[in-house]
Amino acid sequence: MFVMAFAAIVVVFTASIGAQATYNLRLAGNRGEIDRAYYSAQTGTQLILSLLREPPEEVDYNGDGVPGPWLAEDASLHLEIPATNAEAKAHVYHNFQGFPNPQPVAPDGTKIPEDHFYIISVGVVNGVYDADGNLKSGIEYEANTMGSTLNPSYPLTPQAIFGYDEIDVDGQVAHFDSSTSGPWAVDDGGTGTGDHMACPFPEGTVGIATKDDTKMIIRENAKIDGHIIFGVGTPNSEKIDEQTAIASFPGGASPPIATTPLFAYGRSRQISGTPNQPNVNGEIGELVTDPPVVDMNFQPSDYYQTLPSGGMGSITLQEGKIYEKNGDLRIVGSDTITVNDTNGDGEIEDTIMVVHGNISFLNCTIGVNGKTPPRQLKIYSDDAGAQFNMQDSTAFCLVAGKDMVADINTGSTLWGAVLARKVVLDQTSAVNYDVTLRDPTLIADIYGYYLVGSSIVSGASVPTGTLGPTGTTAPAAPAPAPATAPATAPAPAPAPAPAPATSGCGCGCGCGSMLVMRKL
């Protein structure tokens, strides 16, 4: 009897060990599938970011018979990974007013701030789908959803001149297109006259963030081939006052007051009536949304090099880097700033210089990033009360500073854009705006958008069929991007506390059940 009881115990113990071993194997297999789903979702996010930074060619994505931009017509990606029986379905959403399909709230409930992108990527292992492309219920599969908000690393410049408080314009504001081969000339609308005020597309817009017409100073020598834009919610009376003041100039005319929003992105709509107005070749309107605030507080590790205080003469910068300049930046006479094609591939990646002081271009005929696309050199002053003084100089760059006062005078020409607390343009000077700076298909690349606040949620938090591709032709997936930050990306903000296990918290940060602060 004892022997039989002992044998029974051995049998039960052996079966228990076998069951535990089987359970462990299943657990390990499930863990492997979870990992594959996670990395598939991450890969989908990386590939969408790559497509934003290097847009695919325009083809007929939505099946309407007309080629169009991927971001406007499809904005999705489906990546199959046969070796692991995994795949990624991803979609990028945007909230850029004036570009097709802006969405203030993503399908997972996350709020998308103005002028931002948000990526949803679902990684799936052993997926089986219905006719609508959604995962079938009752089928065993593993899925993870990653949601990621993208932030810009430099202030956006959809206007030629923008003052957070005030602008004072008595000179020329025109536009050109750096995507065409140079040497560039301002656009005359194809009239052949060379007169930028004859252009029917007013692209050289000027604006302020405030609602006070006394802060929008347009003088009688001004020739603005663009719109005049006030802050959000400006009363119509302020616009009428501005209209009346401009019409009072000798030989002046009244710019029309816009009855529909003057969107910031994409091409300006063709103006109604006759172009070639005396002072303002556009309309008077207001911003659709408040200008976004960009965090320019880089960490010391973000800087490729710190340039010393004091005069430096000519400066040579490496492409795709972030520099800081202690003290003032002074470019005088024959001094130059040059961004090198470091890797010799014929394409110069954008470089940012953060100046802890004033900025001066003095008597530089072609010294600052001469005759190259302005986006390649972005200069920003983070000094409170900084001055940007441009005298008898020509520069191809973007210049910005939230607390800066900019004064462009004495026959100077800035090819690019300027953003400051206050901007003054005298009657001898010009700002020629580069229209590529507000092309939504290029914005992610130009302004160095990078990933912050990625969330990982178990399962598919949105129907996979809604992620696309939506059209007849999907873009070819580029090679996966390495899991490192873009050269121009600042350090991410400190991670907030993890949110409950939901698809999105609705705060715009992209947080979910497991918060992963990661730059890809």
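The first residue in the sequence is number 1, and the count goes up from there.
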Report the C-alpha distance between M390 and L414 in whole Å, list the side-chain angles of each, state the deciding distance to 0.1 Å, and finish with yes or no for side chain to side chain contact (heavy atoms under 4.5 Å, CB included).
CA-CA 9 Å; M390 188 172 180; L414 176 65; 4.1 Å; yes
Quiz prompt | Criterion side chain to side chain contact (heavy atoms under 4.5 Å, CB included) on K325 and M312, from CA distance to verdict | solution = CA-CA 10 Å; K325 174 68 171 71; M312 294 184 61; 3.7 Å; yes
Worksheet entry | Derivation and outcome, side chain to side chain contact (heavy atoms under 4.5 Å, CB included), residues Q376 and F396 | CA-CA 9 Å; Q376 292 176 0; F396 290 74; over 6 Å; no
Would L377 and L398 count as a side chain to side chain contact (heavy atoms under 4.5 Å, CB included) if you check the C-alpha gap in whole Å, the side-chain angles of each, and the deciding distance to 0.1 Å?
CA-CA 7 Å; L377 177 60; L398 310 184; over 6 Å; no
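Note: F162 and Y164 have perpendicular aromatic rings, judged against thresholds of 30 and 60 degrees for the angle between ring planes.
Judged purely by distance below 3.5 Å, without hydrogens or angles, the side chains of N95 and Q97 pair a donor atom with an acceptor atom. When only modelled atom types and interatomic distance are considered, E87 and H78 share a side-chain donor-acceptor pair under 3.5 Å. A side-chain N or O of T157 and one of Y447 form a donor-acceptor pair less than 3.5 Å apart. Side-chain contact check for D115 and Y265: at least one donor-acceptor pair (N or O, by modelled atom type) lies under 3.5 Å.
With N340 contributing its side chain and T342 its backbone, the two residues share no donor-acceptor pair below 3.5 Å. Listed for the D328 side chain is a donor-acceptor partner under 3.5 Å among the backbone atoms of N358. Y154 places no side-chain N or O within donor-acceptor distance of the main-chain N or O of M296, the cut-off being under 3.5 Å. Looking only at distances, a side-chain donor or acceptor of S381 sits under 3.5 Å from a matching main-chain atom of G357.
Residues D445 and R375 are paired through a salt bridge, judged by an N-O separation under 4.0 Å between the basic side chain and the carboxylate.
Looking only at side-chain heavy atoms (C-beta outward), D434 and H175 stay at 4.5 Å or farther from each other. Looking at heavy atoms from C-beta onward, D168 lies out of side-chain contact with V423 at the 4.5 angstrom threshold. Using a 4.5 Å heavy-atom cutoff, the side chains of V288 and V232 are not in contact. D165 has its side chain within reach of K215: a pair of non-hydrogen atoms, C-beta onward, lies under 4.5 Å apart. Within the 4.5 Å cutoff, side-chain heavy atoms of P374 are placed close to those of S178.
Separation of the F361 and F388 ring centroids falls under the 6.0 Å cut-off. A centroid separation of less than 6.0 Å is found between the aromatic rings of F117 and F96. The aromatic ring centres of Y303 and Y323 sit 6.0 Å or more apart. A centroid separation of 6.0 Å or more is found between the aromatic rings of Y118 and Y93.
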